> 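Have a look at the structure that comes next, please.
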Amino acid sequence: MKPSSTNRNTEYLVYALRDSLGKLEAALSKVDEPILIFDEDNKLEWCNEAFENLAQKTRITLIGSTVSDCFSPFTNPHTHQAKRREDTLRKLLSLNEETFNIDLYQQTTQRKYECEIKRVDQRAGSKIVVLKSIDSQAIIDALTDTIESCPLTGLLNRRGLKTYLTKLFKRQDHLNAGLIFFDLNKFKEVNDCYGHEIGDKVLIHFAKQLSTCTRRCDVVSRLSGDEFVVVVNTTSKDRVKESIESIVSRLTKLCQIPLHVQQEDKELVIWIKASAGASLGYWANSPEELLIQADQAMYRSKERSSSIHYYGKELEVTRKQNKLIRDSADAIIQQGHVPFHLQPIIDLRKKECIGYEALMRPRSESGLILPPHRFVEHFESSNNIKPIDEIVFHSVLNDRATQSLIKENSRLSLNLSAVTLRTRGAARAILKVIDDAKWIKTSQIIVEITETGFIQNLNHLSSEVMQLAEAGLTIVLDDFGSGFTGFTQLIELPINGFKIDQQLFHDSFTESKPASVLQAMALIAEKTNLKVIVEGIENEYHQQHMLSLGFHYAQGFDLGLPMPPEYYLDPNGNHLRYGLECQLDKQKNNPFNPNFLTISQ
């Protein structure tokens, strides 16, 4: 029996309707604005991909949810705005045809939407909800993404420069180009003293000066704030450096003429100077790398007060070291352990080892020892040194060889950053690590804090240091003589001793004043019951000189090199006589010498 024409028409209409609905759903799914469709019972029938992203759930899990289930997680969670939250939910739950504004929260991000509710059909109960973003920041971000010039100076902005450099590298033209990175000196002082309006005039003036000094083939950009960049284009890489120096020379001459600016009833005279760093295109493999190189060169120029500094082998070494340090730092944080060496502290009168100082010895993946001071600087500059100090204490106190070395009458000295002690609760955290170790008394532990770090942060550190001292720890000022601690402060501060700065000790051999100062220190220490340790003892003469000045406790390569704890134990695990017997030749075949990592390739 043949199907009737009516059946065929019905099948065609159903197929066409399904096809149309499929296309409509596909189109709505790609719309940027969240769209939801609720049935007559106010249950979710459908939503597009934009709402899935907002809810961070799939459509399958959302279908059948009530209006409250869909929107409660995103309405204002703060109790002081509870009424506003209830009003918003009430409007949504009613699903009446209306338009109102709504704030939706996703974790810590707040977005503003215009919520429009419409009936799909007047006879049916289904409603469609459309959320239109009216968030000002989102609109500003979207507009900013399309702008490639600085509105203040008319130069290319960061986005515009990135677009240009990307094309330059794509065409391989960067091989015959260079990049100069300028940073205005003391620009913040101009803003602070005269206001941002005058600061803007300085930026406009400098932008004009920079444009005057460049050629038509060069590209000038203002990255942000007081940072400017010039891309120097040439026909040969041999001419890049000459072109860079020509631009810097012309700019230097222009900067010798001050800027005169009228502010109310007075005329301001402002001198504009800039630090410059340059990188040659063939040094870099990407636009980002070229900018980083020139930026690093600029900071070196600022440090040395030079007219310009070029990125080269010296900075390449620094960059590689910085990367090794960052990688090692990340590994230490993840593993919760840092390698360390111990150096003996000797009582020269009795020729006995009275304790050890733990010295951090971070390593690269290949096993090279990284410069500890650079490592500490990295963490202090990022305000992330506190967990590292805790990891050092944990690593040392949980080391079995160290436990074998430190007897009941021995001392263990560890360094603590002044930046860590600026943090509230730092002392409590360190004391917990010591308490968890269980095997060592607080009276056996010496905490070393650099003199300059302590004095510069005296108000912030006193309470934390006092907690350590009250718990029984010995507090010692490290590198004493490198800062400006007065003897009155030395007596009043919550400290038990100090370590003489190596340079001051070595100067006392040839100069009478340092020797007299050290003798006075020894006398004051004796009268005030302060312990003194001298660092930098490198030969027998140093030992005799130190004793003649009145000091008894010492550290130095002549008395014991910093080495892994197990090297101060014999094969049976017994303590060697302050390590002198187990020292390797200092001049050759010594994997623990003090010459830290250098990179030449």
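What you are looking at is a predicted structure, and each value in this text was computed from that prediction instead of being measured.
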> Taking all non-hydrogen atoms of both residues into account, name the closest pair between Ala358 and Phe340 and its distance.
CB-CD1, 4.4 Å

> Donor-acceptor check, side chain of Arg361 to backbone of Pro339, threshold 3.5 angstrom: yes or no?
no

> Closest heavy-atom contact between Glu448 and Ser413?
OE2-OG, 2.5 Å

> Might you point out which heavy atoms bring Pro362 and Ser328 nearest each other, and give the distance in Å?
CB-OG, 3.9 Å

> For the atom pair OG (Ser243) and CG (Asp238), what is the distance rounded to the nearest 0.5 Å?
11.0 Å

> Give the minimum heavy-atom separation between Glu52 and Cys47, together with the two atoms involved.
CG-SG, 4.2 Å

> Sequence neighbours left out, what passes side-chain contact (heavy atoms from CB on, under 4.5 Å) with Asn176? Give chain and number order.
Thr234, Lys237

> Report the C-alpha separation of Leu165 and Leu179 in whole Å, then their side-chain angles, then the decisive distance to 0.1 Å, and conclude whether the side chain to side chain contact (heavy atoms under 4.5 Å, CB included) test is met.
CA-CA 10 Å; Leu165 287 175; Leu179 189 142; 4.1 Å; yes

> Just one of Val338, Ile391, Ile332 clears the side-chain contact (heavy atoms from CB on, under 4.5 Å) bar with Met360, so which one?
Val338

> Report yes or no: does Asp218 contribute a side-chain atom to a donor-acceptor pair with the main-chain N or O of Asn233 at less than 3.5 Å?
yes

> Over 60° means perpendicular and under 30° means parallel, so tell me whether Trp283 and Tyr311 are parallel, tilted or perpendicular.
perpendicular

> Looking at Gly560, is its backbone amide N or carbonyl O close enough to the side chain of Gln343 to form a donor-acceptor pair, meaning the two atoms are under 3.5 Å apart?
yes

> Compare every heavy atom of Leu175 with every heavy atom of Tyr282, then report the nearest pair and how far apart it is.
CD2-O, 3.9 Å

> Can you name the closest pair of heavy atoms from Glu464 and Ala426 and give their distance?
OE1-N, 3.4 Å

> When you look at Ile198 and Cys193, which way does the side chain to side chain contact (heavy atoms under 4.5 Å, CB included) test go after all the steps?
CA-CA 9 Å; Ile198 299 298; Cys193 293; over 6 Å; no

> Nearest 0.5 Å, what's the NZ-NE2 distance between Lys302 and His309?
14.5 Å

> Do Glu227 and Arg158 come close enough that some side-chain heavy atom pair is under 4.5 Å?
yes

> Can you tell if the side chain of Leu156 reaches within under 4.5 Å of the side chain of Thr163, non-hydrogen atoms only?
no

> Strictly distance-based, threshold 3.5 Å: is any side-chain N or O of Ser301 a donor or acceptor partner for the main-chain N or O of Gly277?
no

> Quick one: does Ile430's side chain get under 4.5 Å of Glu390's, heavy atoms only?
yes

> Given 3.5 Å as the limit, does a donor-acceptor pair link the side chain of Asp389 with the main chain of Val392, or not?
no

> Taking the side chain from Glu289 and the backbone from Asn285, do they hold a donor-acceptor pair closer than 3.5 Å?
yes

> Just wondering, are more than 12 heavy atoms of other shown residues or ligands nearer than 6.0 Å to CZ in Arg239?
no

> Looking at residues at least two apart in the chain, or sitting in another chain, which of them share a ring-ring contact (aromatic ring centres under 6.0 Å, His included) with Phe182?
none

> Looking at Arg424, I want to see if its CZ is surrounded by more than 12 non-hydrogen atoms of other residues, nucleotides or ligands under 6.0 Å.
no

> Tell me whether Arg215 contacts the main-chain N or O of Ile247 through its side chain, where contact means a donor paired with an acceptor under 3.5 Å.
no

> Check the pair Leu290 / Phe169 against side chain to side chain contact (heavy atoms under 4.5 Å, CB included), numbers first and verdict last.
CA-CA 10 Å; Leu290 184 65; Phe169 272 76; 4.1 Å; yes

> Does the side chain of Lys162 come within less than 4.5 Å of Pro287's, by heavy atoms?
no

> Do the side chains of Ile533 and Val476 get nearer than 4.5 Å, heavy atoms only?
no

> So which pairs with a foot in residues 250-271 pass side chain to side chain donor-acceptor pair (under 3.5 Å), sequence neighbours left out?
Ser246-Arg250

> Is there side-chain contact between Tyr299 and Ser275, with at least one heavy-atom pair below 4.5 Å?
no

> In terms of side-chain heavy atoms, does Asn415 have a donor or acceptor partner in Glu357 at a distance below 3.5 Å?
yes

> More than 12 foreign heavy atoms under 6.0 Å from NE2 of His205: is that the case here?
yes

> Quick one: does Thr153's side chain get under 4.5 Å of Phe206's, heavy atoms only?
no

> Out of curiosity, Ile308 CD1 to Tyr310 OH, how far, rounded to the nearest 0.5 Å?
4.5 Å

> To the nearest 0.5 Å, tell me how far Leu342 CG sits from Met563 CE.
10.0 Å

> Quick one, Ile333 with Ile388, criterion side chain to side chain contact (heavy atoms under 4.5 Å, CB included). Give me CA distance, side-chain angles, the key distance, then yes/no.
CA-CA 7 Å; Ile333 292 290; Ile388 288 296; 3.8 Å; yes

> Hey, could you give me the CG/CG distance between Asp478 and Leu416, rounded to the nearest 0.5 Å?
11.5 Å

> Report yes if the side chains of Val261 and Tyr194 come closer than 4.5 Å at any heavy-atom pair, otherwise no.
no

> Once you round to the nearest 0.5 Å, how far does OG of Ser149 lie from CG of Leu161?
13.0 Å

